[in-house]
2 protein chains.
Amino acid sequence: MEYEAAKEKFISTWGSLGTLWGINKAMAQIQALLFISTKPLATEEIMEELKISRGNTSMNVRQLIDWGIVTKELVPGERREYFSTEKDVQELARIIAKERSRREIRPVIKTLEEISRVKDDGSAKTRELIKQTKALHDLAETADSMLRKVVDQKQHWLTKSVLKMIK
Amino acid sequence: MEYEAAKEKFISTWGSLGTLWGINKAMAQIQALLFISTKPLATEEIMEELKISRGNTSMNVRQLIDWGIVTKELVPGERREYFSTEKDVQELARIIAKERSRREIRPVIKTLEEISRVKDDGSAKTRELIKQTKALHDLAETADSMLRKVVDQKQHWLTKSVLKMIK
DNA sequence: TTAAACTTTCAGTAATTTTTGAAAGTTTAT
DNA sequence: ATAAACTTTCAAAAATTACTGAAAGTTTAA
């Protein structure tokens, strides 16, 4: 495979993965483009490479910045803004895990807690709702806690030792 | 909160979570409904509870069966099919993690491998593509391996010991 | 203060995804 | 073989989500 083909494949693979993970296609593709770029890119260059509009580029770059995945690079003497993404995959994973926990898992945990405090009228169906909601709550808490901590500072030794344990 | 309100909240929360995870709303809601039901439900009952069409119900139940999350229950002497979902959350998590690995993570890993074998022309951009693709590949492998094994048989002791380690 | 160079916003449009419902298909009992 | 009771399919419609592009906004330099 030649460079151009490989690059396109990378961007489109990453783009469709994004959709699957609740990130839209353009956003994922911009990140992919920056991820394999050897230098920061300006809006214009992103638009051209991905064949998307200025507005689309602007909004999605902003979202990536919101997520903490992309940063503005100010090139001295240059008016326009350049963008680059976090290049270290471990750090990238850390940021994504943290944001997903905050945006998605935490709110669900809160709702499950609320639901499990439904008025217990003693009926079988109410009991079942309480029981199942609590079980899910516990699972979500455990998963979230693992996600956040595993991915935190201690990745290196932890990854290694966990893998050793379960192999 | 009264039972009916709690139930509706549970179903709608689960429904929107589903969307976020690449499962459609109806599919997630059907699973939610079965999850808190005290008995298996027939198509007709699902339609009524969720106010969705017969076709929609049929297609989404079939998908849930495909995923291995829902099973047909044959009630002796009854013509129609009843459905129930896996009630144990640990088992549910196991199935979902396994399926997501198979359907989503594995194919991406394969593609990343392919891309990282791009013809190395020695240019900086090709080198960057190779380097970054390989880094992502490694990360994905590690994450997938952890996901699959952590969630496998050994959940109990593992969860406990990992949590102890990272706390 | 003006103008050039750029970024952001947002209403309208386009693309995608989900849902419906009626017709076709299947199964079981007689 | 027929019919009743049920399930599945799928083309069309509805709903949702993403994208465009032009106008408005911002920043910097002179």
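To find a chain, count down the sequence lines: A is the first, B the second, and so on, and within it residues start at 1. Atom set for the values below is all heavy atoms of this structure, side chains included, hydrogens, waters and symmetry mates excluded.
One can place CG of Asn56(A) at 14 Å from C1' of dT13(C), the figure rounded to the nearest angstrom.
Applying the side chain to side chain contact (heavy atoms under 4.5 Å, CB included) test between Ile69(A) and each of Thr85(A), Ile30(A), Leu34(A) identifies Thr85(A) as the sole match.
Taking every heavy atom of both residues into account, Tyr82(B) and Val75(B) meet most closely at CD1-CG2, 3.5 Å. When all heavy atoms of Glu128(B) and Phe35(A) are compared, the pair lying nearest together is OE2-O, 4.0 Å.
The stretch residues 59-86 of chain A touches DNA chain D through Arg79(A), each having a heavy atom under 4.0 angstrom from the strand. For the contact set between residues 23-53 of chain A and DNA chain D, defined by any heavy atom under 4.0 Å, the members are Asn24(A), Ala26(A), Lys51(A), Ile52(A), Ser53(A).
More than 12 heavy atoms of other residues, nucleotides or ligands lie within 6.0 Å of NZ in Lys87(B), so this atom counts as buried by the packing criterion.
Side-chain contact between Phe83(B) and Leu64(B) is absent, with no heavy atoms from C-beta onward closer than 4.5 Å.
Taking the 5' to 3' direction, DNA chain D first and last meets chain A under 4.0 angstrom from a heavy atom at dA18(D) to dT28(D).
With respect to Arg80(A) and Glu44(A), no salt bridge is recorded, no charged nitrogen being found less than 4.0 Å from a carboxylate O.
Residues Val70(A) and Ile96(A) are members of one and the same hydrophobic cluster, defined by side-chain heavy-atom contacts under 4.5 angstrom among Ile, Leu, Val, Met, Phe, Trp and Tyr. Ile52(A) and Met59(A) fall into different hydrophobic clusters, defined by Ile, Leu, Val, Met, Phe, Trp and Tyr side-chain heavy atoms under 4.5 Å apart, directly or through other members.
Taking the centre and axis of the six-membered ring of Trp67(B), the NZ or CZ atom of Arg62(B) falls outside the cone set by 45° and 6.0 Å. Cation-pi geometry between Arg100(A) and Trp21(B) is met: under 6.0 angstrom from the ring centre, within 45 degrees of the axis.
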